[in-house]
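Just below is one structure, and these are the notes that go with it.
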Amino acid sequence: MSEAALELRGVGRTFVQGDRKLEVLKDVSLTLRPGEMVALVGPSGSGKSTLLYIAGLLERPDRGDILIGGQPCDVRNDARRTALRGKHLGFVYQFHHLLPEFSALENVILPQLVAGRSRKQARDRANELLVHLGLAERLGHRPARLSGGEQQRVAIARALANQPAVLLADEPTGNLDHDTAEEVFEQLQALVRGQGLAGLIATHNMALAGRMDRILRMQDGHLIEG
């Protein structure tokens, strides 16, 4: 069995609201393996986004361990978390968060330049991903000139630009109509499979969830399989 791309061990997260303590995650453990696409489901407010943000090193857990490629992450070190996130993790949100003043191609080039790639390498990689996602004729378009589905495909390309080991997605098709959601999901699934990524996809769409390898359900702060 291949080494896990991402592991959470006994992760907990509690929020304090006035005199109340809200325990959102209770000793959550999770293993994602390369090439595996896992659905994360549960009602709004159940902790799906919190789990994704902790798995993506965007938030720190109160307790527990996070391992990437079998190596423990020092979640207390902000600089180290940022470096690991840039190297190993890609994130897709429900809303694309593209930079409006830059073209589709430039939005995918920029994170690669930040990571230290040459401009030629970054342009070649961005072009490859966007063409693969059916956007060959839209490379020079700014986000405002793209449809919702096209914007989300650019966001997927941006998340994959630095060749992460793990892709985390928070309702990536939740803002799209049914047909566009189907198309975007199929392209996302093909990229995860084809590039051997580990994918954790939060969704309310149970039809899409059923097409992934496993379904994990958030319930009362716990993560339940099936």
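All values below were derived from every heavy atom in this structure, side-chain atoms included, with hydrogens, water molecules and symmetry-related copies excluded.
- Side-chain contact check for Leu135 versus Val154: some heavy-atom pair is nearer than 4.5 Å.
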Does the side chain to side chain contact (heavy atoms under 4.5 Å, CB included) test come out yes or no for Glu171 and Lys48, once each step is laid out? CA-CA 10 Å; Glu171 299 285 353; Lys48 298 190 304 297; 4.2 Å; yes
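- Note that CG of Leu40 and CZ of Arg214 are 11.0 Å apart. Values are rounded to the nearest 0.5 Å.
- Residues Ile66 and Glu7 form no side-chain contact, since every pair of their non-hydrogen atoms from C-beta on lies 4.5 Å or further apart.
- The salt bridge (charged side-chain N to carboxylate O under 4.0 Å, His left out) check on Arg63 picks up Glu23, Asp27, with sequence neighbours excluded.
- With contacts defined as side-chain heavy-atom distances shorter than 4.5 Å, the pair Glu225/Ile215 does not qualify.
- Shown here are the side-chain hydrogen bond (donor to acceptor under 3.5 Å, both in side chains) partners of Asn205, two or more places apart in sequence or in another chain: there are none.
- Contact record, Thr203 with Ala209: CG2-CB, 4.1 Å, taken as the closest heavy-atom pair.
- Remark: the backbone N or O of Pro172 is paired with a side-chain donor or acceptor of Gln152 at under 3.5 angstrom.
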Please walk me through it: do Val38 and Leu32 pass side chain to side chain contact (heavy atoms under 4.5 Å, CB included)? CA-CA 8 Å; Val38 177; Leu32 294 178; 3.6 Å; yes
Apply the test side chain to side chain contact (heavy atoms under 4.5 Å, CB included) to residues Thr31 and Leu8: give CA-CA distance (whole Å), side-chain angles for both, the deciding distance (0.1 Å), then the verdict. CA-CA 7 Å; Thr31 300; Leu8 273 61; over 6 Å; no
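- One finds the CG atom of Leu167 at 9.0 Å from the CG atom of Leu200 (value rounded to the nearest 0.5 Å).
- Two residues are said to be in side-chain contact when any heavy atoms from C-beta on lie closer than 4.5 Å; Glu59 and Thr50 meet this criterion.
- Between Ala198 and Arg33, the shortest heavy-atom contact is CB-O, 3.4 Å.
- Contact of the Leu51 side chain with the Leu223 side chain is registered, since non-hydrogen atoms from C-beta on lie closer than 4.5 Å.
- A pairwise comparison of heavy atoms in Arg158 and Val108 identifies N-CG2, 4.0 Å as the closest pair.
- With sequence neighbours excluded, no residue forms a ring pair (Phe, Tyr, Trp, His ring centres under 6.0 Å) with His132.
- With rounding to the nearest 0.5 angstrom, the CD atom of Gln187 is 7.5 Å from the CG atom of Leu191.
- Taking all atoms of both residues into account, the shortest heavy-atom contact from Leu89 to Ala55 is CD1-O, 3.8 Å.
- Note on Leu188 and Val131: separate hydrophobic clusters, where clusters join Ile, Leu, Val, Met, Phe, Trp and Tyr whose side-chain heavy atoms are under 4.5 Å apart, directly or indirectly.
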Can you list the steps and then say if Met37 with Ile201 is a side chain to side chain contact (heavy atoms under 4.5 Å, CB included)? CA-CA 7 Å; Met37 198 166 182; Ile201 317 297; 3.9 Å; yes
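- Heavy atoms of other residues, nucleotides or ligands lying less than 6.0 angstrom from CD of Glu101 number more than 12.
- Side-chain atoms of Asn107 come within 3.5 Å of backbone atoms of Ser103 as a donor-acceptor pair (strictly under, hydrogens ignored).
- A single hydrophobic cluster is not seen to contain both Ile109 and Val114; linkage of ILVMFWY side chains at heavy-atom distances under 4.5 Å, directly or through other members, places them apart.
- In this structure the side chain of Leu216 never reaches within 4.5 angstrom of the side chain of Val41, judged on heavy atoms.
- Under the 3.5 Å distance criterion, the side-chain polar atoms of Gln121 are matched with a main-chain donor or acceptor of Ser118.
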Stepwise salt bridge (charged side-chain N to carboxylate O under 4.0 Å, His left out) check, Arg211 with Glu186: CA-CA 10 Å; Arg211 288 156 58 184; Glu186 287 175 4; 3.7 Å; yes
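- Separating the CG atom in Leu139 from the CG atom in Leu130 is a distance of 5.5 Å, to the nearest 0.5 Å.
- Side chain of Asn162 to backbone of Pro111: a donor-acceptor contact under 3.5 angstrom is found.
- Formation of a donor-acceptor pair under 3.5 Å by the Arg117 side chain with backbone atoms of Arg125 is not found in this model.
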Apply salt bridge (charged side-chain N to carboxylate O under 4.0 Å, His left out) to Asp213 and Arg193, showing your working. CA-CA 11 Å; Asp213 298 306; Arg193 304 271 195 238; 2.7 Å; yes
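- Each of Leu197 and Leu67 belongs to its own hydrophobic cluster when Ile, Leu, Val, Met, Phe, Trp and Tyr are linked at side-chain heavy-atom distances under 4.5 angstrom.
- Screening residues 187-211 for ring-ring contact (aromatic ring centres under 6.0 Å, His included) gives no qualifying pairs among residues at least two apart or on separate chains.
- The line from CG of Leu168 to CG of Leu6 is 6.5 Å long, rounded to the nearest 0.5 Å.
- For residues 34-72, the pairs satisfying ring-ring contact (aromatic ring centres under 6.0 Å, His included) are Tyr53-Phe91, with sequence neighbours left out.
- The shortest distance between side-chain heavy atoms of Arg13 and Arg60 does not fall below 4.5 Å.
- The line from CD of Gln17 to NZ of Lys21 is 13.0 Å long, rounded to the nearest 0.5 Å.
- The closest donor-acceptor contact from the side chain of Gln195 to the backbone of Val192 lies at 3.5 Å or more, if one exists at all.
- A side-chain donor-acceptor contact under 3.5 Å links Asp62 to the backbone of Thr14.
- By the 4.5 Å heavy-atom criterion applied to side chains, Asp170 and Val92 are not counted as neighbours.
- Cluster annotation: Leu22 is connected to Leu25 through the hydrophobic network of ILVMFWY side chains, with a link wherever side-chain heavy atoms come within less than 4.5 Å.
- The nearest pair of heavy atoms linking Pro34 to Ala5 is CD-N, 4.0 Å.
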Tell me, with the steps shown, if Glu106 and Arg142 meet salt bridge (charged side-chain N to carboxylate O under 4.0 Å, His left out). CA-CA 9 Å; Glu106 290 166 339; Arg142 293 184 180 182; over 6 Å; no
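- A donor-acceptor pair is defined here as one N or O able to donate and one able to accept, closer than 3.5 Å; such a pair exists between the side chain of Glu150 and the backbone of Ser147.
- Around atom CZ of Arg123, no more than 12 heavy atoms belonging to other residues, nucleotides or ligands sit under 6.0 Å away.
- Looking at Arg9, its side chain never comes within 3.5 Å of a backbone N or O of Ser29 through a donor-acceptor pair.
- For Asp177, the side-chain hydrogen bond (donor to acceptor under 3.5 Å, both in side chains) partners two or more places apart in sequence, or in a different chain, are Thr180.
- Distance alone, capped at 3.5 Å, places no donor-acceptor pair between the Lys26 side chain and the Gly12 backbone.
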